[in-house]
Amino acid sequence: MRSDTIKKGVEKTPHRALLYSTGMPRSALDKPFVGIASSFSDVVPGHIQMRDLERFIERGVESEGGYPFVFGVPAICDGIAMGHSGMKYSLPSRELIADSIESIARAHCFDGLVLLTNCDKITPGMLMAAARLNIPSIVVTAGPMLSGRFRGRRLSYVRDSFEVVGKFKKGEMDEEELRSLEMEACPGVGSCQGLYTANTMACLTEVLGMSLPGCGTSLAISAKKKRIAYESGRKVVELIRKQLLPRDILTREAFEDAIRVDMALGGSTNTILHLIAIAHEAKVELPLTVFDEIGRETPHLVNLRPGGDHFMEDLEWAGGIPALLSVLKDRLSDHPTVSGKPLSAIAQKGKVLDNEVIRDLTNPYHREGGIAILYGSLAPEGAVVKQSAVSEKMRKFKGRAKVFDSEEEAIEAIYGGRISSGEVIVIRYEGPKGGPGMREMLSPTSAVAGMGLMESVALITDGRFSGGTRGPCIGHICPEAAEGGPIALLKDGDEILIDIPGRKLEVNLSKEELEKRKRNWKSPSPKIKEGYLARYSQLVSSSSKGAVCE
């Protein structure tokens with residue numbers, strides 16, 4: 001066992017002395033050591049129930065003959081970090097999480113890992129660590145929260161707290177209703193109720209084969225989640241004995257299956273960044289073009305918020321991810337999973353319990369998958385749009401650029417009534433390097449929706465979007481402005497052409513004009529000059545490469 005490095009032999013007497021000081025009995029020396037990486041936090045709603053889940057995981061590990069050690073991992077709540085400088089830390093925290101788990105697991109010679117996670121960057125960070133370390137690992141996602149309730153209707157976090165700000169500013173809602181919505185939108189523990197980044201990644205973790213069947217959608221408040229936590233603790237010890245490693249599971253076929261399910265779900269655009277980053281750690285080549293190839297041939301079968309009106313609880317009660325796999329079973333591989341069963345066997349056992357929540361292949365919500373990759377003179381290396389959340393009217397759009405060099409400038413203009421119908425809001429210098437940290441743009445996109453501009457205004461950025469974004473919003477534009485990409489050369493009034501069906505993002509300028517502007521462009525001074533973000537900005541790659549640190 002790997003843990004023999006710190007527990008066997010006379011030379012390890014001082015190591016054993018420290019282990020015994022924790023209360024560990026001598027009998028544990030013959031057991032595999034299992035690290036439980038927990039992102040418990042009092043400030044993140046999706047994580048506040050993890051103390052209970054830690055106990056169930058510990059019981060499972062011990063019941064199967066392992067010895068558990070819980071250790072902490074940082075967690076940021078994207079909703080609380082949104083719309084201010086705190087969001088600059090969200091995506092970079094993914095790298096911190098992977099590095100932290102690597103550091104603890106290697107330093108303490110754990111034989112295996114249980115990765116207890118839930119929210120946006122924590123889940124991919126933990127998967128990156130599992131792929132990098134390549135020791136037996138299993139993921140437990142802590143589950144979505146229930147929908148809120150107000151005056152007989154169900155509520156979700158994004159639509160009923162972010163987007164209502166615009167309605168309030170327009171005078172369409174009074175302060176009493178606003179205060180009631182903010183109190184009721186998030187009724188308790190769990191990740192936000194729609195198919196935003198946290199829940200999309202939980203579902204895709206299940207498809208990748210790194211969590212047990214049913215884990216992705218089982219509700220945070222449920223006893224089912226506790227049983228899955230217990231079984232995951234048992235299973236990791238079995239994985240240690242069999243030496244089934246993450247890279248045995250995280251194959252090219254596994255990533256293609258995850259992309260296919262992502263397209264059928266209409267998941268968050270952030271999954272593009274995260275799947276590429278996890279594949280990078282697993283030594284699997286996963287170019288951006290694969291996402292569009294699979295998206296063109298995979299119909300959109302599940303329509304949760306923000307694009308639709310169903311909630312995660314509806315997907316759970318409709319049969320969860322195994323049910324969706326059953327619909328797609330002829331298009332999936334038989335790659336291995338931590339359950340011991342190939343994905344194809346899980347798909348065969350799945351059953352759809354609500355044909356409106358999970359539609360069949362003959363009755364999709366959209367003919368193509370939820371995410372599209374655009375290219376063109378504005379995005380030579382690609383851009384990303386959640387096409388399932390864009391109305392038919394706005395899939396092709398021509399408008400004049402209104403350029404902003406930060407998210408704050410754009411929000412002020414939107415709420416100040418300075419955006420007109422037919423314009424394309426351009427938010428630049430918010431990419432991985434330029435931000436730094438590639439902030440999510442939920443505040444401006446929600447402002448556009450709340451101000452009633454979704455059917456007349458588009459938004460493009462080298463930053464990224466929350467899984468809660470809906471409407472004609474295009475992100476991940478590469479190369480980013482800070483690297484002198486075409487988005488850095490735009491001026492107010494430039495004509496921008498968006499063609500989602502044609503996969504095009506163009507600016508109506510000649511090649512000669514763009515080259516002239518590029519010669520006159522000067523790289524801006526870094527926004528952050530010290531601390532973690534300054535170091536991050538020097539190491540981070542482009543979003544088309546997953547924004548990994550190289």
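Residues: numbered from 1 along the sequence shown. Quantities reported herein were computed from a predicted structural model and do not represent experimental measurements.
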[X] with [Y]: basic N within carboxylate O range, under 4.0 Å:
X	Y	result
K402	D492	no
R132	D99	yes
R517	E513	yes
R428	D405	yes
K121	D78	yes
E175	R179	yes
R464	E440	yes

Do S543 and M438 have side chains that get closer than 4.5 Å, going by heavy atoms? yes
So do H476 and S544 actually touch side chain to side chain, heavy atoms under 4.5 Å? no
Determine whether the side chains of [X] and [Y] contain a donor N or O and an acceptor N or O closer than 3.5 Å.
X	Y	answer
T141	N118	no
E506	S377	yes
S39	H47	yes

Quick check on K511: does its NZ atom have over 12 non-hydrogen neighbours (other residues, nucleotides or ligands) under 6.0 Å away? no
